[in-house]
Amino acid sequence: MPTATSIDLTERSTALGGSRKLTGHLAKPTTEGPWPGVVVIHEAFGVDDVALRQTERLAEAGYLALLPNLYTDGGARRCLVPTMRAALSGRGKSYADIEAARTTLVEHADCTGKVGLIGFCMGGAFALVTAGRGMFDAASANYGQLPKDIDHALADACPVVGSYGGRDRPLKGAAAKLDAALERAGIPHDVKEYPEAGHSFLNDAENGPAILRPLLRIAGIGPHPESAADAWQRIESFFDEHLKTGR
């Protein structure tokens, strides 16, 4: 199993107008390269063991996977609110940090030059906004809030695979709206809602502050292994089609 190791992205992020300090975790496949890259955007809770295992899973699937820590420059308490605002508004230094991660992969000696983006929760919102900016070759948005002007945001998007939980009340109907918008725009896509799953169902363990976990369980937020297994299969197949072919 690949292991994610810490790397410093500060030089790139500052050059792009992003965070004054930015670190990340890079996981390499164990097979012979070069490989396509995938930038992994974490949940609102930040980089944790769950996010690291998601990154390592992508490396095991044959991707050079890089997880930037969007809370590096100030920690979760100071960065959570402005980072969430950036995810929803489409503006902020987090987008420069994501670009720093992308260029790190593109210029890596073991990267084919094709790079995808995957985001979870808050990261899913970033994935949808960034998908339409012409930088990535494919995007995976998982229970991410939709852009306010979804047709404008996705007009020129890269191929998108999206996964949502039917029991995720704040995002009720999001999968159908996303699917319809991508269909209108003529963007290759695969969007699915899982009726028995809630928010964060792709996680392989509970996460977030321990004091909040009982409330998260009551709200139906957390792992749903059966739905996750199908979603991961779809994500990997979609990325294989759009990132590995023609390399």
Side-chain angles (χ1 to χ4, degrees), residues 13 16-19 38-46 68 70-71 79-103 106 114-195 197-202 221 231 234-235 238-239 241-243:
S13 65
L16 291 166
S19 295
V38 174
V39 175
V40 184
I41 308 301
H42 56 74
E43 292 188 338
F45 289 132
L70 301 183
Y71 298 162
C79 295
L80 174 60
V81 172
T83 305
M84 287 289 290
R85 285 176 179 164
L88 301 178
S89 69
R91 301 183 301 274
K93 66 181 181 180
S94 295
Y95 291 96
D97 293 345
I98 293 170
E99 176 63 5
R102 188 193 71 84
T103 57
V106 169
K114 284 193 173 184
V115 179
L117 175 69
I118 186 169
F120 305 88
C121 175
M122 177 186 75
F126 275 114
L128 289 174
V129 172
T130 308
R133 296 187 171 182
M135 299 183 294
F136 288 91
D137 298 294
S140 172
N142 301 289
Y143 29 90
Q145 188 162 327
L146 305 182
K148 290 182 179 179
D149 187 348
I150 191 169
D151 288 315
H152 175 74
L154 297 176
D156 298 308
C158 61
V160 174
V161 54
S163 299
Y164 289 80
R167 295 186 176 181
D168 191 349
R169 293 182 181 178
L171 293 174
K172 184 177 181 180
K177 291 177 183 177
L178 176 60
D179 185 75
L182 291 167
E183 189 67 28
R184 287 193 297 271
I187 304 299
H189 64 283
D190 173 7
V191 179
K192 185 172 180 178
E193 180 179 274
Y194 294 88
H199 199 71
S200 298
F201 73 87
L202 276 161
I221 297 173
R234 290 174 42 249
I235 291 165
F238 196 85
F239 275 1
E241 176 183 358
H242 295 285
L243 298 178

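Annotation: cation-pi geometry not satisfied between Arg167 and Phe201 (NZ/CZ under 6.0 angstrom from ring centroid, within 45° of ring axis).
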Inset, instruction - Could you check Val39 against Thr130 for side chain to side chain contact (heavy atoms under 4.5 Å, CB included), going step by step and ending with a plain yes or no? - result: CA-CA 11 Å; Val39 175; Thr130 308; over 6 Å; no
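Aromatic ring orientation, His42 versus Tyr71: perpendicular (interplanar angle above 60°, classes split at 30° and 60°).
His189 contributes a side-chain N or O that, together with a main-chain N or O of Ile187, makes up a donor-acceptor pair within less than 3.5 Å. Put simply, the side chain of Tyr143 never gets that close to the backbone of Met122: no donor and acceptor are under 3.5 Å apart. Proximity of a side-chain donor or acceptor of Tyr194 to a complementary backbone N or O of Ala231 within less than 3.5 Å is detected. Between the Thr103 side chain and the Ala100 main chain, a donor and an acceptor come within less than 3.5 Å of each other.
Here the side chains of Ile41 and Ile118 are not in contact, with every heavy-atom distance at 4.5 Å or above. At a threshold of 4.5 Å between non-hydrogen side-chain atoms, the residues Asp97 and Ser19 count as touching. Between Val191 and Val161 there is no side-chain heavy-atom pair separated by less than 4.5 Å. You'll find the side chain of Phe126 reaches within 4.5 Å of the side chain of Ser94, heavy atoms only. Side-chain contact between Tyr95 and Arg133: present, with at least one pair of heavy atoms (C-beta onward) separated by less than 4.5 Å. Between Val40 and Phe120 the shortest side-chain heavy-atom distance falls below 4.5 Å.
Here the closest heavy-atom approach between residue Arg102 and residue Met135 is recorded as CD-O, 3.3 Å. Between Tyr164 and Ala141, the shortest heavy-atom contact is CE1-O, 4.3 Å. Summarising the geometry of Glu193 relative to Gly165, their closest heavy-atom pair is CG-C, 4.1 Å, with the distance given to 0.1 Å. Across all non-hydrogen atoms, the minimal contact from His242 to Pro188 is CE1-CB, 4.1 Å. The shortest non-hydrogen separation linking Gly17 to Ala96 is C-CB, 4.0 Å. Across all their heavy atoms, Ala131 and Ala139 have their closest contact at CB-CB, 3.9 Å.
In this structure, Ser163 OG and Ile235 CD1 are separated by 5.0 Å, a value rounded to the nearest 0.5 Å. Interatomic distance, Ser140 OG to Leu202 CG, rounded to the nearest 0.5 Å: 7.5 Å. Here NE2 of His199 is found 6.5 Å from CG of Leu171. Values are rounded to the nearest 0.5 Å. Rounded to the nearest 0.5 angstrom, Leu128 CG and Leu178 CG are separated by 5.5 Å. Going from atom SG of Cys121 over to atom CE of Met84 covers 6.0 Å, rounded to the nearest 0.5 Å. One finds the CG atom of Leu154 at 13.0 Å from the CD atom of Glu183 (value rounded to the nearest 0.5 Å).
Residue-environment remark: CG (Asp156) stays at or below the threshold of 12 foreign heavy atoms within 6.0 Å.
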Residues 86-93, side-chain donor-acceptor partners within the protein, below 3.5 Å, at least two apart:
{"residue": "Ser89", "atom": "OG", "partner": "Arg85", "partner atom": "O", "Å": "2.9"}
{"residue": "Ser89", "atom": "OG", "partner": "Arg91", "partner atom": "N", "Å": "3.2"}
{"residue": "Ser89", "atom": "OG", "partner": "Arg91", "partner atom": "O", "Å": "3.3"}

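Checked for salt-bridge contact, Lys114 and Asp137 miss the test: no charged N lies under 4.0 Å from a carboxylate O.
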